[in-house]
*Asks:* 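Please see the structure below; I have some questions.
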2 protein chains.
Amino acid sequence: MTNIRSIAKLAGVSVSTVSRVLNDHPYVKEEKRRKVLDAVEQLNYIKNANAVHLSKGKTYSIGVILPYLNLPYFGEILQGIAGEALKHGYHLQLFQTDYDRGAELDAFHRLQMKEVDGLILTSRSNSLDALASFISPNVVFCENVYDPTYKKVFIDHYQGIRSGLEYLYSKGHSQIGLCLHRTFGTNSEERIRGFFDGAEAAGHPVRDEWIFNDCYDLQDGRDVLSEWERMEEKPSALIVTSDQVSAGMVAEAGKRSIRIPDDLAILSFDNHPLSDALDITSFEVPIRKVGEEAFKLFLESEHPDPVILNTTLFERGSV
Amino acid sequence: MTNIRSIAKLAGVSVSTVSRVLNDHPYVKEEKRRKVLDAVEQLNYIKNANAVHLSKGKTYSIGVILPYLNLPYFGEILQGIAGEALKHGYHLQLFQTDYDRGAELDAFHRLQMKEVDGLILTSRSNSLDALASFISPNVVFCENVYDPTYKKVFIDHYQGIRSGLEYLYSKGHSQIGLCLHRTFGTNSEERIRGFFDGAEAAGHPVRDEWIFNDCYDLQDGRDVLSEWERMEEKPSALIVTSDQVSAGMVAEAGKRSIRIPDDLAILSFDNHPLSDALDITSFEVPIRKVGEEAFKLFLESEHPDPVILNTTLFERGSV
DNA sequence: CTGAAAGCGCTAACAT
DNA sequence: ATGTTAGCGCTTTCAG
């Protein structure tokens with residue numbers, strides 16, 4: 001193993017001088033610098049990152065916690081984080097959880113072990129209480145956690161859903177259903193809250209059986225449509241929190257000769273290219289930006305304000 | 001900082017005993033074990049991963065090189081790698097390259113610095129020559145690199161395209177186009193080779209303008225369709241290497257009243273849920289399995305045989 | 001400007 | 001069974 005000591009010996013200088021050269025510190029005579037660099041060249045020396053990490057107490061890498069990797073949502077947020085991290089010389093460590101609490105805790109354990117300098121939670125499995133003792137300014141949430149000392153960036157889902165409802169009401173719908181990823185988790189709860197508040201404000205009824213859960217992908221959307229078709233009392237419009245799911249519904253509707261939006265209107269979220277291709281009215285959700293902002297928050301040393309991002313409606317033909 | 005030494009002191013034992021307890025080594029008297037564990041508890045001790053990494057010369061983490069994170073293909077392969085890695089106690093470090101050569105080289109640099117124990121290339125930007133000096137048994141390729149000493153897992157794209165051609169010929173098509181991600185890179189070259197070989201074997205012509213590049217997502221598919229519509233001499237069928245692109249084509253065809261498959265047949269690859277939803281005939285490509293196998297290859301110490309995976313046709317309505 | 005030396009925190013060979 | 005000790009390879013203070 002060729003280490004800093006061997007090159008010091010070969011260059012005829014001390015290890016600290018070598019270290020200075022390697023880290024572009026000033027105050028090294030040009031002659032010695034050359035000798036060191038020559039020795040590095042000659043011995044094919046490569047710095048050992050782990051030694052640096054140990055010595056510095058930092059790894060310049062940040063962990064990202066996410067449930068799944070094969071969903072566009074997480075790919076996009078990851079892309080946002082990765083881009084920003086790269087700019088600042090940080091690397092990404094992935095913690096895929098499948099929404100398993102233990103897997104999530106493991107990530108926090110890695111943080112404590114200093115394997116990563118920080119953690120971004122793109123989604124969360126454990127309760128905040130369970131996590132409380134691990135949370136530091138190096139931890140960033142992508143949801144509206146209520147503790148004001150926690151760093152967070154999130155989409156205003158509450159307002160998003162309310163705007164969606166308003167829009168559907170204005171189009172004459174009053175029987176409206178909701179299609180969600182899951183019912184727990186802050187983001188989902190905010191959506192549900194927006195849904196009920198909005199309905200109440202407008203004086204329209206909400207039916208529990210019009211709320212569909214566990215909708216992640218295309219197939220789920222197709223299943224929901226089948227279910228919808230079998231219902232006695234059908235909603236005339238559905239707010240769907242993912243374009244993937246909406247796409248499944250639209251595709252299935254085509255097969256079953258269900259007319260969109262006449263028989264069923266669909267108001268979607270994401271504004272993924274898919275929604276444009278399939279002519280689905282959708283709210284743009286700046287997910288990638290969530291990733292970018294999350295990383296920026298991690299870097300901020302002071303207690304930064306939460307970053308709140310908004311959705312924007314793109315009207316197309318599904319409503 | 002509470003380290004192994006402080007807990008040794010508190011427990012009244014030596015650091016090596018502490019280390020033994022912490023690593024579940026045998027030969028520690030139950031009494032001392034308890035004392036150590038108590039001290040750990042009391043001081044809230046947490047092992048420093050970097051010290052372990054340095055001491056062991058291993059990090060139990062593997063780097064994954066990929067161009068983009070927001071494409072289903074890479075999400076799926078990542079999911080495969082992550083699942084297998086988790087089973088074996090390894091972590092994932094991400095190197096997103098945007099197909100930038102420098103970014104890719106940086107990943108190899110990290111390998112040399114021992115920041116990761118290995119590297120999986122899901123796609124490659126540099127030439128094999130440029131990479132040659134960095135390649136070791138810790139590097140796994142997801143393509144058919146010809147050097148027999150390199151570890152590799154790949155889809156038999158050559159055969160896949162040839163089967164696709166046969167299928168289209170059998171359906172009466174002879175004017176066939178091809179829609180690719182890119183023209184360089186082993187996987188793409190294999191597809192092109194299959195395309196030309198197949199056409200030649202069947203005695204059918206191939207036209208250069210019927211080969212489309214840079215097709216990654218839905219929008220690209222829509223663009224290709226527009227282009228197709230404007231052509232004087234149109235192919236009657238297109239082989240498309242990604243369901244995302246095919247989906248864009250099908251969606252756009254709907255808008256322009258182009259009949260699929262009557263005006264244009266589409267034979268796709270991936271068998272993504274999208275193809276099922278949109279009734280697109282597609283070859284299943286076991287991408288996730290590529291990821292799983294890639295990780296397994298990394299673990300194999302001997303020179304393992306390359307892993308070759310095959311595609312399977314799912315007939316639907318687009319041909 | 002440069003070098004000596006004391007860490008960073010853990011592992012493992014060796015001795016007992 | 002347990003302790004001593006020499007690393008792992010780099011950074012950084014302190015003295016000169």
Side-chain angles (χ1 to χ4, degrees), chain A residues 1-40 42-61 89 109-117, chain B residues 1-40 42-61 89 109-117:
Chain A
M1 187 81 305
T2 150
N3 56 22
I4 207 180
R5 202 153 38 249
S6 28
I7 90 142
K9 189 175 294 173
L10 180 58
V13 300
S14 74
V15 292
S16 36
T17 298
V18 176
S19 177
R20 286 189 189 99
V21 173
L22 261 30
N23 295 292
D24 284 323
H25 282 307
Y27 307 132
V28 178
K29 208 180 268 169
E30 191 49 31
E31 182 204 336
K32 302 217 172 192
R33 175 185 302 281
R34 274 253 54 82
K35 283 197 169 189
V36 169
L37 292 177
D38 284 352
V40 164
Q42 222 179 102
L43 297 184
N44 233 298
Y45 167 78
I46 285 150
K47 204 194 262 221
N48 180 313
N50 296 128
V52 177
H53 294 337
L54 173 60
S55 190
K56 291 211 159 166
K58 279 188 82 170
T59 59
Y60 288 96
S61 100
H109 193 215
R110 301 291 171 160
L111 175 61
Q112 295 189 108
M113 291 170 69
K114 305 200 176 269
E115 201 164 323
V116 291
D117 293 350
Chain B
M1 185 83 307
T2 151
N3 56 22
I4 207 180
R5 204 155 33 250
S6 29
I7 91 141
K9 189 173 294 172
L10 179 59
V13 300
S14 74
V15 291
S16 40
T17 297
V18 176
S19 177
R20 285 188 189 102
V21 173
L22 262 30
N23 295 292
D24 283 323
H25 282 308
Y27 308 131
V28 179
K29 210 181 266 169
E30 191 49 34
E31 182 205 333
K32 303 217 171 193
R33 175 186 305 280
R34 274 253 55 82
K35 284 198 168 187
V36 169
L37 293 177
D38 284 351
V40 164
Q42 222 180 103
L43 297 184
N44 233 299
Y45 166 79
I46 285 149
K47 201 195 266 220
N48 180 312
N50 296 129
V52 177
H53 294 337
L54 173 59
S55 189
K56 289 211 158 164
K58 281 189 82 171
T59 59
Y60 289 97
S61 99
H109 193 216
R110 302 291 171 160
L111 175 61
Q112 294 188 109
M113 290 169 70
K114 307 207 176 263
E115 201 166 323
V116 290
D117 293 350

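For the numbers below, each heavy atom of this structure counts, side chains included, while hydrogens, waters and symmetry mates do not. Numbers restart at 1 for each chain; the letters A, B, ... are given by sequence-line order, proteins then strands. Quick caveat, the model's predicted, so the values are computed rather than measured.
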*Asks:* Specify the separation, in whole Å, of atom NZ of B/Lys56 and atom P of D/dG9.
*Replies:* 16 Å

*Asks:* Want to settle it: does B/Thr17 or B/Ser55 sit nearer the 5' end of DNA chain D, counting the closest nucleotide to each?
*Replies:* B/Thr17

*Asks:* Figure out the CZ/P separation between B/Arg5 and D/dG7, and round it to whole Å.
*Replies:* 17 Å

*Asks:* Between B/Asn3 and C/dC8, does any side-chain N or O lie under 4.0 Å from OP1 or OP2?
*Replies:* no

*Asks:* Any side-chain N or O of B/Ser14 below 4.0 angstrom from OP1/OP2 of D/dT2?
*Replies:* no

*Asks:* Between A/Asp117 and A/Tyr60, what is the shortest heavy-atom contact and its length?
*Replies:* OD2-N, 2.8 Å

*Asks:* Taking 4.0 Å as the cut-off, does a side-chain nitrogen or oxygen of A/Lys114 come that near to OP1 or OP2 on C/dC8?
*Replies:* no

*Asks:* What nucleotide among C/dA5, C/dG3, D/dG9 has an atom nearest to a side-chain atom of A/Ala51?
*Replies:* D/dG9

*Asks:* When all nucleic acid strands are considered with a 4.0 Å heavy-atom cut-off, which category describes B/Val13: base, sugar-phosphate, or nothing?
*Replies:* sugar-phosphate

*Asks:* Counting heavy atoms from C-beta on, name the nucleotide in C/dG9, C/dA5, D/dT2 closest to the side chain of B/Val28.
*Replies:* D/dT2

*Asks:* Ignoring hydrogens and angles, answer whether the base of D/dT4 and the side-chain atoms of B/Ser16 contain a donor-acceptor pair closer than 3.5 Å.
*Replies:* yes

*Asks:* Is there a side chain to side chain contact (heavy atoms under 4.5 Å, CB included) between A/Thr59 and B/Asn50 once you walk through the steps?
*Replies:* CA-CA 8 Å; A/Thr59 59; B/Asn50 296 129; 3.5 Å; yes

*Asks:* Please check the phosphate of D/dT11 (OP1 and OP2 only) for any side-chain N or O of A/Lys47 closer than 4.0 Å.
*Replies:* yes

*Asks:* Counting only N and O atoms by type, is there a donor-acceptor contact under 3.5 Å from the side chain of B/Asn23 to the main-chain atoms of B/His25?
*Replies:* no

*Asks:* B/Leu22 has an atom CG; how far is it from atom P of C/dC10, in whole Å?
*Replies:* 8 Å

*Asks:* Write down the distance between OH (B/Tyr45) and P (C/dC10), rounded to a whole number of angstrom.
*Replies:* 3 Å

*Asks:* State whether A/Lys58 places a side-chain N or O below 4.0 Å from either non-bridging phosphate oxygen (OP1 or OP2) of C/dC8.
*Replies:* no

*Asks:* OH of B/Tyr27 versus P of C/dT11: gap in Å, rounded?
*Replies:* 19 Å

*Asks:* So that I can tick it off, tell me whether A/Glu31 and A/Arg34 are bridged by a salt bridge, with the cut-off set at under 4.0 angstrom between side-chain N and carboxylate O.
*Replies:* no

*Asks:* Let me know the distance between CD of A/Glu30 and P of C/dT2, rounded to the nearest Å.
*Replies:* 10 Å

*Asks:* Measure CD1/B/Ile4 against P/D/dC8 and give the value in whole Å, please.
*Replies:* 18 Å

*Asks:* Could you state the CZ-C1' distance from B/Arg20 to C/dC10, rounded to the nearest angstrom?
*Replies:* 13 Å

*Asks:* Looking at every heavy atom in both B/Val28 and B/Arg20, which two are closest together, and how far apart are they?
*Replies:* CG2-CB, 3.8 Å

*Asks:* Kindly say if A/Asn23 contacts the phosphate of D/dT11, meaning a side-chain N or O under 4.0 Å from OP1 or OP2.
*Replies:* yes

*Asks:* Considering only side-chain heavy atoms of A/Lys29, which listed nucleotide, C/dC10, C/dC1, D/dC8, is closest?
*Replies:* C/dC1

